[in-house]
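Atoms considered below: every heavy atom in the structure, side chains included; atoms not considered: hydrogens, waters and symmetry mates. Bear in mind that the values here come from a model prediction, so they are computed numbers and not experimental data.
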There are 2 protein chains.
Amino acid sequence: MRALTALSERSVPTVSSEELAAAAGVNSAKLRKDFSYLGSYGTRGVGYDVEYLVYQISRELGLTQDWPVVIVGIGNLGAALANYGGFASRGFRVAALIDADPAMAGKPVAGMPVQHTDELEKIIEENGVSIGVIATPAGAAQQVSERLIAAGVTSILNFAPTVLSVPDGVDVRKVDLSIELQILAFHEQRKAGEEAAAAAGSAGEPGTGAAESPAAPAASATATATATAAAAASGVRKGGPEGDVPAVMPA
Amino acid sequence: MRALTALSERSVPTVSSEELAAAAGVNSAKLRKDFSYLGSYGTRGVGYDVEYLVYQISRELGLTQDWPVVIVGIGNLGAALANYGGFASRGFRVAALIDADPAMAGKPVAGMPVQHTDELEKIIEENGVSIGVIATPAGAAQQVSERLIAAGVTSILNFAPTVLSVPDGVDVRKVDLSIELQILAFHEQRKAGEEAAAAAGSAGEPGTGAAESPAAPAASATATATATAAAAASGVRKGGPEGDVPAVMPA
DNA sequence: GACTGTGAATGCCTTCACAGCA
DNA sequence: TGCTGTGAAGGCATTCACAGTC
């Protein structure tokens with residue numbers, strides 16, 4: 001979708017699966033197959049009409065609707081989210097900013113007055129909000145989520161470093177900013193390991209250094225490693241830090 | 001790892017693959033197989049020693065090292081990141097906060113004085129920083145990334161809404177906060193569609209509503225849908241908003 | 001001639017199921 | 001007896017390759 005939008009902004013009229021796949025970094029066959037599950041939106045010998053495809057995929061992704069959201073917890077992060085331009089351009093409308101601090105009430109943030117938590121239920125109901133963003137401290141998050149849900153919210157984006165427990169039917173996505181750093185650090189470590197291995201000549205143990213446990217047999221790439229294990233190990237090693245984002249943990 | 005840490009904090013001495021798998025929301029066989037790629041860290045008949053496993057996995061993930069990071073762009077988001085407690089507890093040390101605004105220089109944010117962009121190279125080199133966080137406006141991001149890389153940074157966490165183009169060997173992860181909301185909205189839409197379908201009786205088209213294109217055949221679940229297509233389509237429909245995060249796009 | 005749409009082939013990840021060990 | 005470690009089976013996503021269409 002992001003690749004398509006870029007093409008649309010450059011007023012490119014049509015695009016082949018090959019071109020679009022290259023722009024998005026995927027295989028063209030996969031792209032065609034995926035599109036085929038949504039419908040037959042291309043023209044043989046020509047390609048896909050960019051605008052038409054943008055529309056169809058937007059519709060399928062739910063981007064043609066306007067989603068009102070509330071942001072609860074207007075600290076640094078909440079304010080950053082309120083000011084974040086990406087929301088409005090993707091069909092999200094910040095219906096209200098809510099904070100528990102009475103001193104915040106009425107203060108303008110991102111051109112919008114902060115409202116007090118007391119108003120939470122009223123705001124949700126009047127605006128038909130079904131998506132809430134929690135940017136409160138960890139301690140408040142669970143309680144806020146319960147109030148949001150009781151008022152009718154069914155999807156929550158949680159920035160607080162807590163696992164929320166919610167009833168069935170409510171979706172939660174947890175954003176843990178440090179996990180992104182951890183993924184970078186993981187690859188950074190591998191880079192260092194590979195350099196060391198390369199410098200030491202291509203003889204010994206690859207990369208990461210074996211477990212120093214005296215009893216436990218060394219992990220990967222010993223003589224006893226099976227074909228499957230070796231393949232999996234090399235799989236871990238291949239590629240950059242793209243993809244591979246850990247799933248949300250269950251409540 | 002998150003599940004393990006929780007056990008460790010509760011001083012649970014050992015855990016079976018079955019228990020840990022349940023806590024993490026995965027299959028126990030998968031968990032055992034994954035661990036087997038790292039080494040044989042368990043005891044048959046007993047389970048895994050929690051502390052030992054924490055240590056081994058931490059080491060494998062690169063969490064035993066201390067990673068100095070710099071945050072460039074101290075607006076709302078940069079300040080939020082600087083104040084984010086999760087970094088320190090996961091082995092990341094904020095070595096410096098950097099901003100291009102001379103008025104910011106010297107101001108304390110998260111108990112640390114903001115430094116001016118002029119100092120960027122010096123800071124990176126003196127602290128041996130290899131991971132940089134970009135929280136600048138979109139316009140500045142590419143240039144900042146180039147200076148970071150020239151100074152020795154090889155991993156970048158990019159919050160700016162731009163695709164960075166970087167040389168080989170440099171890893172970039174882009175965090176797009178609106179994508180998380182889009183994923184929630186996608187599932188939210190499906191919920192609405194399923195309710196509507198359920199209300200309309202279980203007869204007609206499922207969920208999302210068919211393409212309104214007059215010529216193109218309707219997408220999923222028509223009489224002509226192959227077994228493969230049907231399986232894939234239902235795959236899209238199953239489960240909550242967990243996992244399935246889009247990969248980083250290529251430069 | 002060019003490019004889509006898709007059956008068939010491929011390969012990988014996941015899961016099963018059980019031998020092996022404490 | 002209980003649980004790990006792992007070969008083998010299974011299932012699913014990806015990719016190939018080409019018939020079909022413009």
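- At the phosphate of dG5(C), OP1 or OP2 sits under 4.0 Å from a side-chain N or O atom of Y48(A).
- The CG atom of L53(A) sits 14 Å away from the C1' atom of dC3(C) (whole-angstrom rounding).
- Heavy-atom distances under 4.0 Å link DNA chain C to no residue of residues 5-13 of chain B.
- What separates OH of Y37(B) from P of dT4(D) is a distance of 17 Å, to the nearest Å.
- Between the CZ atom of F35(A) and the C1' atom of dT4(C) there is a distance of 12 Å, rounded to whole Å.
- The two residues I179(A) and R90(B) make their nearest non-hydrogen contact at CG1-NH1, 4.2 Å.
- Here the closest heavy-atom approach between residue S28(B) and residue E18(B) is recorded as OG-OE1, 3.5 Å.
- Aromatic ring centres of Y52(B) and Y55(B) lie farther apart than the 6.0 Å criterion allows.
- Rounded to an integer number of Å, the gap from E18(B) CD to dC16(C) P is 10 Å.
- T43(A) is linked by a side chain to side chain donor-acceptor pair (under 3.5 Å) to nothing, counting only residues two or more places apart in sequence or in another chain.
- Looking only at atom types and distance, the side chain of T64(A) has no donor-acceptor partner in the side chain of R59(A) under 3.5 Å away.
- What separates CG of D34(B) from P of dC12(C) is a distance of 16 Å, to the nearest Å.
- For Q142(B) and E146(B), the side-chain atoms include at least one donor-acceptor pair closer than 3.5 Å.
- Here the C1' atom of nucleotide dC16(C) and the CG atom of L31(B) are 16 Å apart, to the nearest Å.
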Discussion item. For a quick check, with a 4.0 angstrom heavy-atom cut-off, what is the B/S/- contact string for nucleotides 15-22 of chain D, read 5' to 3'?
Written reply: BBB-BBBB

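- In plain terms, the two heavy atoms of L81(B) and F87(B) that are nearest each other are O-CE1, 3.4 Å.
- Taking the six-membered ring for Trp and the full ring otherwise, Y41(A) and F35(A) have centroids separated by 6.0 Å or more.
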